[in-house]
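This report refers to the structure that appears directly beneath it.
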Amino acid sequence: MMEKEAKIYVAGHCGMVGSAIVRELTRNGYENLVLKTHGELDLKRQGDVEEFFAKEKPDYVFLAAAKVGGILANQKALADFMYDNMLLEMNVIHAAWQNGCKKLEFLGSSCIYPRMAKQPMQESCLLTSELEKTNEAYALAKISGLKYCEFLNRQYGTDYISVMPTNLYGPNDNYHPEHSHVLPALIRRFHEAKVEGKEEVVCWGDGSPMREFLYVDDLAEFCVFLMNHYSGNETVNAGTGMEVSIKELTALVAKVVGYQGKILWDTAKPNGTPRKLLDVSKAKALGWTYKTELEDGIRFAYADFINNPCRAER
């Protein structure tokens with residue numbers, strides 16, 4: 001268990017996941033938090049990261065920082081997604097080990113699993129076949145991070161764990177028109193269509209892929225739970241164990257936003273992985289399950305988007 005007075009560093013606290021972890025830690029009475037913005041600490045700069053860890057000596061680290069984006073962003077910047085994520089995660093994990101960090105939690109992504117993995121995807125299917133090409137660079141970086149944690153555990157006896165979330169959404173999400181993931185992109189698209197009075201909205205692909213979505217505050221609760229109750233080399237999946245088609249999701253977002261026009265599909269655009277459902281039996285066996293249903297979570301996310309206009313500018 002993390003001591004209430006322990007010094008805890010949340011890397012990436014300005015992002016959706018990191019900010020949710022900070023909220024969860026605060027709710028649980030952890031007040032000695034170390035938080036640095038990208039402007040204050042560039043995690044890609046090894047010397048700066050080493051200096052920061054040598055000075056602060058955090059007891060626990062949540063590594064939620066990452067360069068993230070949807071299909072379009074990943075396709076346009078394959079090299080950047082691999083390079084930036086490899087650098088920042090290796091710098092943080094290595095500096096944590098050098099400075100005696102008691103425990104570190106690495107946050108990955110369900111895209112680490114093979115494109116055609118047996119569904120639902122168990123943690124053990126990692127590296128059993130090829131990855132989805134549209135986000136291969138990002139996936140390879142995340143696989144390297146979780147494997148480095150495993151190898152440090154095996155070689156040096158550290159207590160570094162990893163958690164693999166499914167598709168996330170919620171407060172403080174990224175709604176950029178090119179860099180966002182599917183659910184926030186749909187929220188923005190339908191909101192703008194409603195405001196502008198558009199009669200139709202065009203969405204990518206054919207709507208057939210199946211996806212699983214987890215509300216980010218549920219993930220944050222699980223992250224703190226794992227830090228206090230789990231140790232092991234194998235990663236742990238974080239999800240709901242339920243899936244919805246992109247077409248169904250699109251109709252649900254339109255309903256929540258209040259858009260009543262036509263929804264068209266551009267089948268010339270890529271669908272991405274056909275299906276991506278996590279096996280969450282391990283999380284359930286540990287004593288955790290999600291709380292927020294999808295429609296409720298979308299309503300919370302849309303309210304956050306409406307109440308924070310700056311979200312749409314990122």
Side-chain angles (χ1 to χ4, degrees), residues 12-23 37-39 64-77 80-81 84-85 107 109-111 134-135 138 165-198 200-205 207 209 211-220 244 246-261 263-266 269-272 276 292 294-314:
H13 79 283
C14 291
M16 177 177 64
V17 175
S19 61
I21 291 174
V22 169
R23 289 194 297 272
T37 65
H38 176 73
K67 179 182 179 68
V68 298
I71 291 178
L72 181 60
N74 274 271
Q75 287 183 322
K76 282 187 172 181
D80 294 345
F81 271 84
D84 289 354
N85 283 296
L107 282 94
S109 166
S110 58
C111 71
T134 55
N135 53 26
Y138 180 74
T166 189
N167 299 286
L168 301 170
Y169 69 100
N172 205 23
D173 208 339
N174 176 7
Y175 296 89
H176 189 280
E178 292 187 358
H179 301 156
S180 60
H181 289 101
V182 59
L183 206 159
L186 289 173
I187 288 176
R188 175 173 180 160
R189 191 172 303 170
F190 283 118
H191 173 76
E192 291 179 346
K194 182 180 74 169
V195 170
E196 296 167 11
K198 291 184 177 179
E200 60 185 39
V201 168
V202 179
C203 298
W204 278 33
R211 292 292 183 270
E212 175 185 20
F213 295 91
L214 178 66
Y215 189 60
V216 72
D217 282 59
D218 288 354
L219 171 68
V244 61
I246 294 299
K247 186 167 287 188
E248 291 170 325
L249 174 71
T250 299
L252 185 56
V253 173
K255 172 188 172 183
V256 169
V257 171
Y259 176 75
Q260 298 180 337
I263 301 173
L264 305 179
W265 296 91
D266 182 357
K269 294 294 194 296
N271 276 327
K276 199 167 64 169
T292 308
L294 182 58
E295 184 169 345
D296 292 334
I298 293 174
R299 293 188 187 281
F300 298 151
Y302 184 49
D304 177 69
F305 176 81
I306 293 296
N307 294 326
N308 296 277
C310 62
R311 300 272 193 267
E313 303 303 319
R314 295 193 300 184

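This is a predicted model, so every value here is computed, not measured.
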Side chains of [X] and [Y]: does their closest heavy-atom pair fall under 4.5 Å?
X	Y	value
I263	E200	no
K276	N167	yes
I246	W204	no
M16	L168	yes
S19	H13	no
L249	L183	yes
H176	P184	no
Y259	V253	no

Do you know the tightest heavy-atom contact between [X] and [Y]?
X	Y	result
N135	C111	ND2-CB, 3.6 Å
C14	N172	O-ND2, 2.7 Å
A64	I21	CB-CD1, 4.3 Å

Only counting residues at least two apart or in another chain, list the ones meeting side-chain contact (heavy atoms from CB on, under 4.5 Å) with [X].
X	answer
A66	V68, N85, Y138, K142
R299	K255, V256, E295
A301	Y169, Y175, I187

Fill in the blank from the handout: Between C203 and the options V182, L186, L264, the side-chain contact (heavy atoms from CB on, under 4.5 Å) test singles out L186
Exercise for the section: Determine, for D80 against K67, whether the closest basic-nitrogen to carboxylate-oxygen distance falls under 4.0 angstrom. Expected result: no
Problem - Results of ring pair (Phe, Tyr, Trp, His ring centres under 6.0 Å) for H191 - residues two or more places apart only - result: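 With neighbours one apart ignored, the set is Y302, F305.
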Fill in the blank from the handout: E248 meets the salt bridge (charged side-chain N to carboxylate O under 4.0 Å, His left out) criterion, sequence neighbours left out, with none
Exercise for the section: Kindly write out the residues that satisfy salt bridge (charged side-chain N to carboxylate O under 4.0 Å, His left out) with E196, not counting sequence neighbours, or none if the list is empty. Expected result: K198
Handout entry: Criterion side-chain contact (heavy atoms from CB on, under 4.5 Å) on F213 and T166, from CA distance to verdict
Key = CA-CA 6 Å; F213 295 91; T166 189; 5.9 Å; no
Exercise for the section: Decide yes or no on side-chain contact (heavy atoms from CB on, under 4.5 Å) for L294 and Y215, but give the supporting numbers first. Expected result: CA-CA 8 Å; L294 182 58; Y215 189 60; over 6 Å; no
Practice task
Check step by step if side-chain contact (heavy atoms from CB on, under 4.5 Å) holds for V17 and L107.
Solution key: CA-CA 9 Å; V17 175; L107 282 94; 3.5 Å; yes
